[in-house]
Structures are given as structure tokens and as C-alpha cells.
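The structure appears below as C-alpha cells.
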Protein chains: 2
Amino acid sequence: MTAGNADVFAALASPVRRELTALLLSGPRSVNDLASHFEMSRPSVSEHLRVLRDAGLVSEERSGRLRLYRLEAEPLMEVSRWLSPYERFWRDRLAGLRELLDEENGDDHER
Amino acid sequence: MTAGNADVFAALASPVRRELTALLLSGPRSVNDLASHFEMSRPSVSEHLRVLRDAGLVSEERSGRLRLYRLEAEPLMEVSRWLSPYERFWRDRLAGLRELLDEENGDDHER
DNA sequence: TTGACATGTAGGAGATCTCCTACCTATTGT
DNA sequence: ACAATAGGTAGGAGATCTCCTACATGTCAA
């Protein structure tokens, strides 16, 4: 089970785990490297990494005695796909709002 | 405090709450209307709505003895903004993948 | 081989989540 | 005013989360 069966949103619900994914944006990192950015113990970071792994958000690659964690794109793309109907929703909303503003004052706006 | 102080990602971590926001895409709905789509008790749905409200994802408007819950765009836009660096990430990744495939097309590999 | 390092796992304490069943309040229709 | 309707809140049971400290495992260097 390398894949992501677990809930991606639940995995991203923790600020710690979001920071972990942010750290991994710049490339793969070892556990100790990642853990050094937090106050909490290294084993706790390890557990957060497991949650991310179970959600498919990261993968691990062994390299000697290091384990490099790497960000995986697919689950994030899922989030993006989930978001798209809502993007349409707020675009419509903003369009409606602008219409309203336009008709409420005939002034010309800058920009 | 109508605004969303609570964690949007945590609010979206629950499948029930994601389904609630999906239901609200088509427009404002009352609590009973929303609750009718779930197996769980109405008070439990009410609590989920509170979590969404605390995150700013929905707002409530009283209309007689009904309370209409309405989807709010702003927190979803925050999610979208959070996502954008990752979008860049996976685009780069896909671009790299295509490059790799293109150059593998030239020579023949086994399989 | 031995020691040092990198990391995962076990087990547990305490906090939080999720659901329930009462119960309370506000609004509407008669 | 009274009953019915809509919906929030209290309190609690059980599950899950989050963190910790040991401890186990695997790898490298001497």
C-alpha cells in the first residue's frame, strides 16, 4: 500500500503536516532535517510523516541510513480537482458582486 | 465574530462537512433540508454546521423559523491560494516527466 | 565487530472529535 | 394562548489524535 487510501484532507488538517509539505516543496529531505524545524520530538514528526505517507502525499526513498521524503503531486491534484466547482462558485459570486457595484454607482473606477 | 478564525483545513477534514459544503453549492439551505441528506441526527448536523461556521465556510441567515446556511467563498479562496505553490510544483514535475518521455522516445529501451 | 547515527514502532496520557439523547428557545398557524 | 415546527445547546460515551519516552532495527565508519 504505497498509494493514498487515507483521507488527504484529514492529512492536511494538521498545521504541522502542512508545514512538512511546505518544507518538501524545495525537494526531498531526511527525517532529521525535517524534524529540526519543529519543537516536537523526532518520533512525533515521524508519525506525522506516516500520516502524510498513508495519504499518498509523500513517498519515502531509502538512501543509506537516510530516508528521503519526497512530496507527491497526485493527492494535491485531487485537492485541486475537489476545489474546482468551488472556484466556479466564487467566480460567479464575484461577477455578481461587481455587477451590483457597477449599477449602484455609475462612476468610473480606476483599474 | 462572523469571520473564520478556526482552521479551514480542519473544518474540511470531515467527509460529512465536505458533503455539506457540496450541498450548499447549489444555494442556501435550511438545517433540516441539509440534515435530510444524512443518516445522522439533526443535532449532529447542526454541530458540523457550527464547525463550518467557525471556519467562515458558511454563514447563517435567519428567515422566520428557518436558518438558511450559505456557502462563503473567502475561506475556499484561501485554500486555493495555499494550493498554488503546489500547483507550480506538480506542473514542473509533469514537465520534467514529459521531457524524460520525449528523450526516451528517441532511443529504444527494452519493454 | 563495535559504536554512533538515522529512523521506525510500542505503549500510554491527555486532549479533541463525533455522535448520541435529552432539553431549551424562538417562530408560526390556529 | 397553545401546539407544532425549526434548530441550537448540554452532557456524555467512545473513538481518534497528538504528543511523549522507551526501545528496536538497520546502516555506516573505524
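A, B, ... follow the sequence lines: proteins, then strands. Residue 1 opens every chain. In what follows, every heavy atom counts, from backbone to side chain, and hydrogens, waters and symmetry copies are set aside.
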Q | Nearest heavy atoms of A/E72 and A/V58, plus distance in Å | A | CG-C, 4.0 Å
**Q.** B/R98 atom CZ, over 12 foreign heavy atoms within 6.0 Å
**A.** no
Q) Which one, C/dT7, C/dT21, D/dA6, comes nearest to the side chain of A/V31? A) C/dT7
Q. When the nearest nucleotide of DNA chain D is assigned to A/A13 and to B/L68 on a heavy-atom basis, which residue is associated with the more 5' position?
A. B/L68
Q.
Would you say A/Y69 places a side-chain N or O within less than 4.0 Å of OP1 or OP2 belonging to C/dA6?
A. no
(Q) With a cut-off of less than 4.0 Å, is there a side-chain N or O of B/S44 near OP1 or OP2 of C/dC20? (A) yes
Q. So do B/T21 and B/L25 actually touch side chain to side chain, heavy atoms under 4.5 Å?
A. no
(Q) Counting only heavy atoms not in A/R18 (residues, nucleotides, ligands), do more than 12 fall under 6.0 Å from its CZ? (A) yes
Q.
Does A/F38 reach a base, just sugar-phosphate, or nothing at all? Heavy atoms under 4.0 Å.
A. nothing
Q: Using a cut-off of strictly less than 4.0 Å, decide whether A/H48 has a side-chain nitrogen or oxygen near OP1 or OP2 of D/dC19.
A: yes
Q | Between P of D/dA6 and CD of B/E61, the distance in whole Å | A | 17 Å
Q) Does C/dA6 have OP1 or OP2 sitting under 4.0 Å from an N or O in the side chain of A/S30? A) no
Q: Look at the side chain of A/E47 against the base of D/dC20 and say whether a donor-acceptor pair falls under 3.5 Å; ignore hydrogens and angles.
A: yes
Q) To the nearest angstrom, how far is B/R50 atom CZ from D/dG8 atom P? A) 9 Å
Q. Does A/F38 reach the side chain of A/E19, with side-chain heavy atoms less than 4.5 Å apart?
A. yes
Q. Is the phosphate of D/dT5, meaning OP1 or OP2, less than 4.0 Å from a side-chain N or O of B/N32?
A. no
Q | A/L66 CG to D/dT27 C1', straight-line distance once rounded to whole Å | A | 10 Å
Q.
Side chain of B/R42, heavy atoms from C-beta onward: which of D/dT18, D/dG8, C/dG8 has the nearest atom to it?
A. D/dG8
Q: Could you tell me the separation between the CG atom of A/D7 and the P atom of C/dT18, rounded to a whole number of Å?
A: 11 Å
(Q) Once you apply a heavy-atom cut-off of 4.0 Å, does A/R62 come out as touching a base, just sugar-phosphate, or nothing? (A) nothing
Q) Quick one: does B/H48's side chain get under 4.5 Å of B/M40's, heavy atoms only? A) yes
**Q.** A/S46 vs C/dT7: side-chain N/O to OP1/OP2 distance below 4.0 Å
**A.** no
Q. To the nearest Å, how far apart are A/M40 CE and D/dC20 C1'?
A. 11 Å
Q.
As a test of reading the structure: which of D/dT18, D/dC19, C/dT21 is closest to the side chain of B/S41, going by heavy atoms?
A. C/dT21
Q) Hey, does the side-chain of B/R67 have a donor or acceptor N/O within less than 3.5 Å of a partner on the base of D/dG7? A) no
Q: Could you tell me the separation between the CG atom of B/D54 and the P atom of C/dT18, rounded to a whole number of Å?
A: 13 Å
Q) In whole Å, what is the span from the CG atom of A/L49 to the C1' atom of C/dT9? A) 14 Å
Q.
Suppose we call a contact any N or O donor and acceptor under 3.5 Å apart; does that hold for the side chain of A/E39 and the base of D/dC19?
A. no
Q: Check the distance between D/dC17's C1' and A/L12's CG and give it to me in whole angstrom.
A: 16 Å
Q. If only side-chain N and O atoms of B/R17 are considered, is one of them under 4.0 Å from the OP1 or OP2 phosphate oxygen of C/dT18?
A. yes
Q: Verify the contact: side-chain N or O of B/R65 to OP1 or OP2 of C/dT25, cut-off strictly under 4.0 Å; return yes or no.
A: no
